[in-house]
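Structure first, then comments.
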Amino acid sequence: MPHPIVYAENALEGAILTMTPDGAVTGKGPERLIDRDIGLECEDPGVTGTRTWHADRGINTATLTIDAWLFAGSQYAGQVVTLASSPDNTVWTTRATVTPTGDTPQMIAVTPFVCPRYVRWMVTAPPAPVRFTEVFLSPARILSFPPTARHTQEPVQPNVVLVTSQSGRTWGIQRGARRWSTRYVLTVAPEADRTALYAILDALQDGVLPCWLVDVKGVLRWVRLSGALTLEAAAGLPVANWSIPLEFTEELP
């Protein structure tokens with residue numbers, strides 16, 4: 001059984017985003033690509049030929065080592081989608097090339113690289129319009145799946161709303177598909193970079209930001225942290241490993 005992986009950070013957040021050659025549809029600009037709202041699309045009105053999305057991360061951005069490129073949207077099935085990066089906006093290094101078989105969320109593992117100032121991705125000759133919702137460049141954080149009886153399968157949560165009628169009867173109204181939910185553990189060794197870990201946990205704390213997660217079955221999910229975080233150190237010693245339970249619930253657009 002593979003380890004679950006969470007992609008909590010996005011190196012593109014805070015970047016200046018542009019689209020060429022024809023820009024975005026009014027009201028559906030590229031800021032939607034990094035707003036962590038998978039229900040809002042950035043839409044390209046479409047002309048014939050290659051489309052390019054360009055990100056300028058600025059000069060004082062955090063240094064992140066990128067392990068994966070993740071994106072969601074539509075109208076890219078069967079198209080060649082290429083990711084590249086550059087320190088000077090002139091010399092570009094190709095980081096990944098993928099041809100999605102469907103308009104489904106994509107997770108492309110890349111050879112780890114330190115994200116420079118400039119990033120771009122291109123789609124060659126797609127049908128119009130091309131829509132993206134979220135685009136991530138992220139480090140991979142490996143989690144543990146406790147091998148206990150209650151974790152033989154990942155549970156789901158009912159997606160219902162309880163309503164009390166005028167007569168006093170309470171009804172459960174189904175609002176959609178059941179929501180996947182489960183609990184993993186993040187274990188950090190004493191020699192790990194705990195400062196970087198704090199940044200991840202701070203971003204996820206209290207369900208502030210949703211993120212990507214690959215579960216133990218290899219399914220890519222858009223999730224949000226649910227419940228409070230607790231930090232446990234074995235025997236309370238400062239040199240002990242940290243064991244941090246993380247409970248995630250799937251976000252439904």
Side-chain angles (χ1 to χ4, degrees), residues 1-13 36-38 64-72 96 98 100-102 104-113 115 133-159 177-234 240-253:
M1 182 177 293
H3 284 288
I5 302 174
V6 64
Y7 300 96
E9 301 156 282
N10 186 4
L12 298 177
E13 286 184 340
R36 301 229 185 183
D37 189 332
I38 205 167
L64 288 176
T65 298
I66 305 304
D67 297 305
W69 174 33
L70 305 101
F71 59 85
V98 62
T101 58
T104 55
Q106 304 288 313
M107 193 289 293
I108 301 95
V110 301
T111 300
F113 68 97
C115 192
T133 56
E134 291 298 306
V135 180
F136 264 50
L137 289 179
S138 182
R141 308 296 178 180
I142 296 176
L143 307 176
S144 298
F145 191 56
T148 60
R150 68 185 182 87
H151 284 108
T152 54
Q153 66 179 22
E154 294 168 315
V156 293
Q157 292 185 354
N159 185 20
R178 290 178 177 177
R179 296 190 299 169
W180 170 96
S181 177
T182 199
R183 190 175 192 238
Y184 295 129
V185 174
L186 179 61
T187 300
V188 184
E191 65 272 14
D193 184 352
R194 293 181 175 180
T195 301
L197 177 66
Y198 274 133
I200 302 168
L201 296 181
D202 189 56
L204 295 178
Q205 179 74 291
D206 300 325
V208 173
L209 296 175
C211 61
W212 291 110
L213 181 140
V214 176
D215 68 17
V216 294
K217 298 178 181 178
V219 177
L220 179 63
R221 299 183 184 276
W222 183 244
V223 300
R224 188 184 296 270
L225 190 69
S226 55
L229 291 175
T230 59
L231 191 62
E232 303 165 1
N241 291 352
W242 290 357
S243 178
I244 307 169
L246 303 175
E247 184 174 344
F248 293 99
T249 300
E250 189 169 25
E251 289 278 286
L252 297 175

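All heavy atoms count here, side chains included; hydrogens, waters and symmetry mates do not.
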Item to check | Residue list, side chain to side chain contact (heavy atoms under 4.5 Å, CB included) with Pro139, at least two apart or on another chain | outcome: Glu9, Leu64, Asp67, Arg141
Checklist outcome for this item: On a heavy-atom basis, the closest approach of Asp215 and Leu213 is N-CD2, 3.7 Å
Checklist entry - Got a sec, which residues hit side chain to side chain contact (heavy atoms under 4.5 Å, CB included) with Ile5, two or more places apart in sequence or on another chain? => result Tyr7, Ala140, Ile142
Item to check | Nearest non-hydrogen partners of Val98 and Gln106, listed with the distance | outcome: CG2-OE1, 4.5 Å
Item to check | Student check: side-chain heavy atoms of Phe248 and Arg221 closer than 4.5 Å | outcome: no
Next on the checklist: Just to verify, what does Thr65 make a side-chain hydrogen bond (donor to acceptor under 3.5 Å, both in side chains) with, not counting sequence neighbours?
Outcome noted: none
Checklist outcome for this item: Taken to the nearest 0.5 Å, the spacing of Leu246 CG from Thr182 OG1 works out to 11.0 Å
Next on the checklist: If you compare all heavy atoms of Trp212 against all heavy atoms of Ile38, which two are closest, and at what distance to 0.1 Å?
Outcome noted: CH2-CD1, 3.8 Å
Item to check | Over all atoms of both residues, closest heavy-atom pair of Ile66 and Val110 | outcome: O-CG2, 3.7 Å
Item to check | Leu70 versus Met107, closest heavy-atom pair with distance | outcome: CD2-CG, 3.3 Å
Next on the checklist: If we ignore hydrogens and angles and just use 3.5 Å, is the side chain of Ser138 paired with the main-chain N or O of Asn10 as donor and acceptor?
Outcome noted: no
Next on the checklist: Between Glu13 and Arg36, does any NZ, NE, NH1 or NH2 come within less than 4.0 Å of an OD or OE carboxylate oxygen?
Outcome noted: yes
Item to check | Short side-chain to backbone donor-acceptor contact, Glu250 and Trp222, under 3.5 Å | outcome: no
